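Just so it is clear, the structure is predicted and the values come from calculations on it, not from any experiment.
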Amino acid sequence: MSHFASGMISAVSNLSDGPAPTFVSASANGYGTSASMPSGWSVGDLLMIFATGYKLDTSCTGHNTPAGWTELGNWTNKYSTLYMSRTKVFYRIAQSGDSTVSLSVPGGETGYNSIMMAFRGVNTASPFEAMETLNNQSAAATIPYAQITTLGINRVAVQAISSWNPGGVYSTPYAGWTELFDTQNAIGTAVDMRTFASAGLTSAGSQTRTGSYDWGRMAFAIKPAPA
């Protein structure tokens with residue numbers, strides 16, 4: 001089900017959208033509770049943290065929102081009553097002095113990872129639109145991307161997919177999509193992107209994974225800065 005999250009997300013297109021945002025870089029933070037800054041970041045970039053926590057039951061709460069950041073959304077991956085992971089996405093507009101972010105995991109999770117990414121040329125007043133989340137999907141090795149409806153030109157669609165089992169992650173993005181990150185550290189998380197020049201329903205496609213495991217995902221569009 002598609003919906004718009006609260007915060008800096010707008011359902012109204014800017015009539016003078018500029019060039020599509022560009023991906024700067026990502027930092028891999030592995031099995032740890034901090035997220036380091038991606039290389040090449042600059043003040044005014046959109047920073048995003050994708051953080052996943054794993055627990056040996058079904059009460060996984062995931063990471064707390066770091067101070068100065070906003071939670072964009074979260075989703076879960078549950079295998080029976082035995083295992084559960086929760087992935088959360090946090091964002092902020094980069095400011096002077098930004099540095100490594102401490103990520104607390106309050107629920108007793110025994111596995112976790114995080115990825116921080118930077119995007120440039122983003123509408124800093126209203127970065128996102130057309131968000132969709134999907135929880136606790138049955139085991140599969142081929143996972144369909146969400147088709148979201150963008151409201152203007154030059155949107156960067158992002159598909160983030162995770163699993164409670166790290167063995168099911170190493171993935172192949174669909175033709176026309178670019179994989180930004182793929183980790184099997186502690187929990188599996190992969191992030192793909194594609195730029196869509198025109199407004200409307202994004203194209204169909206599927207990510208192919210190395211194994212068949214339960215999964216969840218989040219999809220959203222990043223808006224360009226005004227021209």
Please report the shortest heavy-atom distance between [X] and [Y], naming the atom on each side.
X	Y	answer
Gly40	Arg120	O-NH2, 2.8 Å
Ser206	Tyr145	N-CD1, 3.8 Å
Ser126	Lys223	OG-NZ, 2.9 Å
Pro224	Gly18	CB-O, 3.6 Å
Ser163	Arg209	CB-NH1, 3.9 Å
Ser59	Met84	N-SD, 4.0 Å

Single-linkage hydrophobic cluster, 4.5 Å side-chain cutoff, Val156 and Met131 together:
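Val156 clusters together with Met131.
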Shared hydrophobic cluster, Val24 / Met116 (ILVMFWY, side-chain heavy atoms < 4.5 Å)
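No, Val24 does not connect to Met116 through the hydrophobic network.
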Side-chain donor-acceptor pair present, Ser203, Arg194, cut-off under 3.5 Å
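A donor-acceptor contact under 3.5 Å links the two side chains.
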If we ignore angles and hydrogens, is there a donor and acceptor under 3.5 Å between the side chains of Ser162 and Thr52?
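Per modelled atom types, Ser162 and Thr52 side chains form no pair under 3.5 Å.
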Check whether more than 12 heavy atoms from other residues, nucleotides or ligands sit under 6.0 Å from atom OH of Tyr174, and answer yes or no.
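Counting other residues, nucleotides and ligands, OH of Tyr174 stays at 12 neighbours or fewer.
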Around atom NZ of Lys78, are there more than 12 heavy atoms of other residues, nucleotides or ligands at under 6.0 Å?
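No, because the 6.0 Å sphere around NZ of Lys78 holds 12 heavy atoms or fewer from other groups.
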Within-4.5 Å side-chain heavy-atom neighbours: [X] and [Y]:
X	Y	value
Tyr91	Val122	no
Trp215	Leu134	yes
Thr178	Asp192	no
Arg92	Asp98	yes
Thr87	Met218	no
Val158	Phe23	no
Phe128	Ile222	yes
Gln137	Ile143	no

Reported [atom1]-to-[atom2] distance for the pair [X] and [Y], which is rounded to 0.5 angstrom:
X	Y	atom1	atom2	value
Trp177	Thr202	CH2	OG1	5.5 Å
Met37	Ser27	CE	OG	8.5 Å
Phe50	Ile161	CZ	CD1	11.5 Å
Thr189	Asn113	OG1	CG	4.5 Å
Gln95	Asp45	CD	CG	12.0 Å
Leu82	Lys55	CG	NZ	14.5 Å

Run through Thr76, Thr61, Asn74 and flag the one making a side-chain hydrogen bond (donor to acceptor under 3.5 Å, both in side chains) with Arg86.
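The single option meeting the side-chain hydrogen bond (donor to acceptor under 3.5 Å, both in side chains) with Arg86 is Asn74.
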So, does [X] use its side chain to make a donor-acceptor pair with the main chain of [Y] at under 3.5 Å?
X	Y	value
Ser25	Ser39	yes
Ser34	Ser102	no
Asp182	Ser171	yes
Glu129	Leu151	yes
Thr65	Glu71	no
Thr150	Gly200	yes

Give the ring-plane orientation class for His63 versus Tyr112, where under 30° counts as parallel, over 60° as perpendicular and anything between as tilted.
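Ring orientation, 0 to 90° scale: perpendicular.
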Applying ring pair (Phe, Tyr, Trp, His ring centres under 6.0 Å), can you list everything that pairs with Tyr83, at least two apart in sequence or on another chain?
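Only Tyr79, Trp164 meet the ring pair (Phe, Tyr, Trp, His ring centres under 6.0 Å) criterion with Tyr83.
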List the residues meeting salt bridge (charged side-chain N to carboxylate O under 4.0 Å, His left out) with Arg217, not counting sequence neighbours, and say none if there are none.
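With sequence neighbours excluded, Arg217 shows a salt bridge (charged side-chain N to carboxylate O under 4.0 Å, His left out) to Glu132, given in chain and number order.
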Side chain to side chain donor-acceptor pair (under 3.5 Å) between Ser85 and Asn77: does it pass, once the steps are laid out?
CA-CA 5 Å; Ser85 66; Asn77 317 285; 2.8 Å; yes
Out of Leu47, Ile49, Val101, which residue meets the side-chain contact (heavy atoms from CB on, under 4.5 Å) rule with Phe90?
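Running side-chain contact (heavy atoms from CB on, under 4.5 Å) over Leu47, Ile49, Val101 with Phe90 returns exactly one hit, Ile49.
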For Arg155 and Asp17, run side-chain contact (heavy atoms from CB on, under 4.5 Å): C-alpha distance rounded to whole Å, both residues' side-chain angles, the deciding distance at 0.1 Å, then the answer.
CA-CA 9 Å; Arg155 267 49 175 175; Asp17 293 316; 2.7 Å; yes
